Amino acid sequence: MQRELIRAVLERQVLRGTVRVAGWVRTRRDSKAGVSFVALNDGSCFQNLQVVAPDNLDNYASEVRRLHPGCSIVVTGELTPSPGRGQDREVRASQVRVLGWADPEVYPLGKQRVSFERLREIAHLRPRTNTFGAVTRVRNCLARSAHRFFQERAFYYIHTPIITGSDCEGAGALFRVTTLGPEGANPGEHGADLYRGDFFGRQTFLTVSGQLEAEAYACALGRVYTFGPTFRAEDSNTRRHLAEFWMIEPEVAFADLNENADLACDFLRFLCNAVLEECSDDLAFFEERIAPGVMDRLQSVATSDFTRMTYTEAVDLLARDGHRFEFSPKYGCDLQSEHERYLTETACNGPVVLTDYPREIKPFYMRVNEDDRTVAAMDVLLPGVGEIIGGSQREERLEMLLVRMRETGVDPDDYQWYVDLRRFGTVPHAGFGLGFERMIQFATGMANIRDVIPFPRTPRNAEF
RNA sequence: UCCGGCGUAGCUCAGCGGUAGAGUAGGUGGCUGUUAACCACUUGGUCGUAGGUUCGAAUCCUACCGCCGGAGCCA
């Protein structure tokens, strides 16, 4: 007999007929009336299916009464309306076959609440909890929706390299990739010679962004995007940072900063709508148990306009508002977290797009504006998670790009191929990067980024 | 990396100078078409590690390790 997903059983209109389901026991309750109730979950949806196992089963005493949270079973039985409160249907089991036991003395998950910190130590088992099941389904919905958004708009999905030779993209410290022995980790002053004998014949690292390579494809195919892992070797210990995370980076030819910002806002709205429409059960759980208000915030981003202002306007607003900050906002300095939080959570009370930052604090590839003092950069801030998107219009003018490389201490010889894009048939283009895990945080209300990725990598943690 | 906080029973925590407690989970029994089930009894800990102060340290001091939060960096 064909096994059915619990989600399909719960969606059935007609409550009769024989079904077979398989999953993991969440709880078991016994009744002296001669039945045991088993809440069964198979991951296909948030809800459990109630299995009613009568004591005339031949393995009732020997096995059913020994079922505990975590045990895996296959159940065959009749689907019927449920007389009890809490569910409209149940399966009256004619057979309960145990696939795997879970000794309650040592199995760490039971009916009691377990802290997220503790669950990180058992990351291989935490997907069996309500919270991580829900996070996983929302994560999947966001990934599917991201692809759908770009595919519907004629973007090509491209795969940019994980291993890169660019060592100064200005996006933080890099992980070195080498097949050399211990000397490879600490090259010293003879680094260049040393790496000539390495696997790639040069220094290589794990990528911190697919942007530069995506630009090459955008300047040929028009609209492209990447969706892949990204690595930062920063010793960051916050609830918003991972050493390995996933980033979505669209890149569009013949587009300016304004169109770039429009795309970013449309994209965020699209993702919020998708989660609201496709993950209602999981969202209801987050709303009730994890982060009250999360649905309102999603709804608000999905429907409202994003506040747009320039960096200069933001600094003015922060100074004028009279709010006391630990660091007072100053033109020419990066905005502090407290400033960004104030803008998006208090001043605008919603999503904010900041544009046109001073050229001194931004990397070489961002396009210099007509005022000569600012570059066409943009950050999108969301309440609760802060910066979720960073992007820019790229510098497409060969001479200016070389000027900016000199200014920021980047050697054009290391980026010949990138400079070539301006040398041959250059076009205006723009793009941005969206931190995928931060988007999941916003959609679920999960406070710590380590709890929205299956197996988080952070400083001193690469378990599993 | 810097600042702050915390590491006590499987889990969540109380105890804060006199030699270890609660809730919960687990076990046993009772009750019940149950659903955070309920009632009774019960198993369970060299109090993160290493030093030090003291007659005596889970409790005070130092170092280290780990975790959490904030900052920096950024997505």
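All values reported here derive from a predicted model rather than from experimental measurement. Just the heavy atoms: all of them, side chains too, but no hydrogens, waters or symmetry mates, feed the values below.
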Please evaluate the base of B:U34 for a donor-acceptor partner in the side chain of A:Q50 within a cut-off of under 3.5 Å? yes
A:R404 and A:E407 ion-paired at < 4.0 Å: yes
Nearest-neighbour nucleotide for the A:R460 side chain, B:A71, B:C67, B:U32 considered: B:C67
Considering Watson-Crick and G-U wobble pairs with both distances under 3.5 Å, what does B:C60 pair with? B:G52
Which is true for A:Q87 with a 4.0 Å heavy-atom rule: it touches a base, it touches only sugar-phosphate, or it touches nothing? base
Where the side chain of A:R29 is defined as all heavy atoms beyond and including C-beta, which of B:C74, B:U32, B:U35 is the nearest nucleotide? B:U35
State the pairing partner of B:A20; accept Watson-Crick or G-U wobble contacts with both distances under 3.5 Å, and report none otherwise. none
For A:E387 and B:G72, what is the distance between atoms CD and P respectively, to the nearest whole Å? 12 Å
Could you work out which one of B:A71, B:U12, B:C68 sits closest to the side chain of A:R120? B:C68
Measure the distance from OH on A:Y225 to P on B:A75 and round it to the nearest whole Å. 21 Å
More 5' along RNA chain B: A:R341 or A:A33, using each one's nearest nucleotide? A:A33
Using purine N1 to pyrimidine N3 plus N6-O4 or O6-N4 for Watson-Crick, or N1-O2 and O6-N3 for G-U wobble, both under 3.5 Å, which nucleotide pairs with B:G26? B:U42
Rounded distance in Å between the C1' positions of B:A40 and B:C31: 11 Å
Separation between CG (A:L276) and CE (A:M295), nearest 0.5 Å, reads 6.0 Å
Please name the nucleotide paired to B:C6 by Watson-Crick or G-U wobble geometry with both distances under 3.5 Å, or report none. B:G66
What nucleotide among B:C31, B:A71, B:A75 has an atom nearest to a side-chain atom of A:R232? B:A75
Within a strict 4.5 Å, meaning less than it, do heavy atoms of the A:E437 and A:P456 side chains meet? no
Quick test of the criterion, 5.5 Å between centres and less than 30° between planes. Is A:F436 stacked on B:A75 or not? no
Please state the C1' separation for the pair B:U34 and B:U46 - nearest whole angstrom. 43 Å
Taken to the nearest whole Å, CD1/A:I449 to P/B:C74 is 16 Å
May I ask you to say what A:I388 touches in the nucleic acid, namely base, sugar-phosphate or nothing, with a heavy-atom cut-off under 4.0 Å? sugar-phosphate
Which whole-number value in Å describes the distance from A:N237 CG to B:C2 C1'? 11 Å
To the nearest 0.5 Å, tell me how far A:H339 NE2 sits from A:E326 CD. 9.0 Å
Tell me: CZ of A:F327 to C1' of B:C3, nearest whole Å? 11 Å
Does B:G72 have its OP1 or OP2 closer than 4.0 Å to a side-chain nitrogen or oxygen of A:S337? yes
Please table the atom pairs, donor to acceptor, closer than 3.5 Å between any side-chain atom in residues 384-394 of chain A and protein atoms at least two apart or in another chain.
residue: A:S392; atom: OG; partner: A:R394; partner atom: NH1; Å: 2.6
residue: A:Q393; atom: OE1; partner: A:L257; partner atom: N; Å: 3.1
residue: A:R394; atom: NE; partner: A:E251; partner atom: OE1; Å: 3.4
residue: A:R394; atom: NE; partner: A:E251; partner atom: OE2; Å: 2.9
residue: A:R394; atom: NH2; partner: A:E251; partner atom: OE1; Å: 2.9
residue: A:R394; atom: NH2; partner: A:G431; partner atom: O; Å: 3.3

Using atom P in both nucleotides, what's the gap between B:A57 and B:C61 to the nearest angstrom? 15 Å
Are any of A:R450's side-chain N or O atoms less than 4.0 Å away from OP1 or OP2 of B:C68? yes
With no angle test and no hydrogens, is the base of B:C74 tied to the side chain of A:S236 by a donor-acceptor pair under 3.5 Å? no
Please work out if A:D30 contacts a base, only the sugar-phosphate, or nothing of the nucleic acid, heavy-atom cut-off 4.0 Å. base
Between B:U8 and B:G48 - P atom distance, rounded Å: 6 Å
Over all strands shown, is A:L242 touching base, sugar-phosphate only, or nothing at heavy-atom distances under 4.0 angstrom? base
On the ring face of A:F149, is A:R153 found with NZ or CZ under 6.0 Å from the centre and within 45° of the axis? yes
With both distances under 3.5 angstrom, what nucleotide forms a Watson-Crick or G-U wobble pair with B:C74? none
Side chains of A:I158 and A:E213, heavy atoms from C-beta outward: is any pair under 4.5 Å? no
Give a yes or no on whether a donor-acceptor pair under 3.5 Å exists between the nucleobase atoms of B:C74, that is its base, and the side chain of A:R438. yes
For B:U32, give its Watson-Crick or G-U wobble partner with both distances under 3.5 Å, or none. none
Examine distances only and state if a side-chain atom of A:E259 and a backbone atom of A:D256 form a donor-acceptor pair shorter than 3.5 Å. yes
Report, one pair per line, the protein and nucleotides 22-26 of chain B atoms (nitrogen or oxygen only) whose separation is under 3.5 Å.
residue: B:G26; atom: O2'; partner: A:E105; partner atom: OE2; Å: 2.6

Whole Å only: how far is the CE atom of A:M378 from the P atom of B:A75? 11 Å
Decide yes or no on side-chain contact (heavy atoms from CB on, under 4.5 Å) for A:I162 and A:F231, but give the supporting numbers first. CA-CA 9 Å; A:I162 308 295; A:F231 308 87; 3.6 Å; yes
Using a distance-only criterion (donor-acceptor N/O pair, under 3.5 Å, no hydrogens), is the base of B:U12 paired with the side chain of A:E117? no
Any strand is fair game: report the nucleotide pairing with B:A14 by Watson-Crick or G-U wobble, both distances under 3.5 Å, or none. none
What do you reckon, are the aromatic ring centroids of A:Y217 and A:Y156 less than 6.0 Å apart? no
Polar side-chain atom of A:S82 near backbone of A:E90 as donor-acceptor pair, under 3.5 Å: no
Applying a 4.0 Å non-hydrogen cut-off, can you work out what A:E249 is touching in the nucleic acid: base, sugar-phosphate, or nothing? nothing
Indicate, with a heavy-atom threshold strictly under 4.0 Å, whether A:S82 touches base, sugar-phosphate, or nothing. base
Does A:R28 reach a base, just sugar-phosphate, or nothing at all? Heavy atoms under 4.0 Å. nothing
Report which part of the nucleic acid A:R239 touches: base, sugar-phosphate, or nothing (heavy-atom distance under 4.0 Å, all strands). sugar-phosphate
Give one of base, sugar-phosphate or nothing for A:S115, where a contact means two heavy atoms less than 4.0 Å apart. sugar-phosphate
Value in whole Å for how far the C1' atom of B:A71 lies from CD of A:E234: 14 Å
What is the separation between atom CG on A:L268 and atom C1' on B:A75, rounded to the nearest whole Å? 12 Å
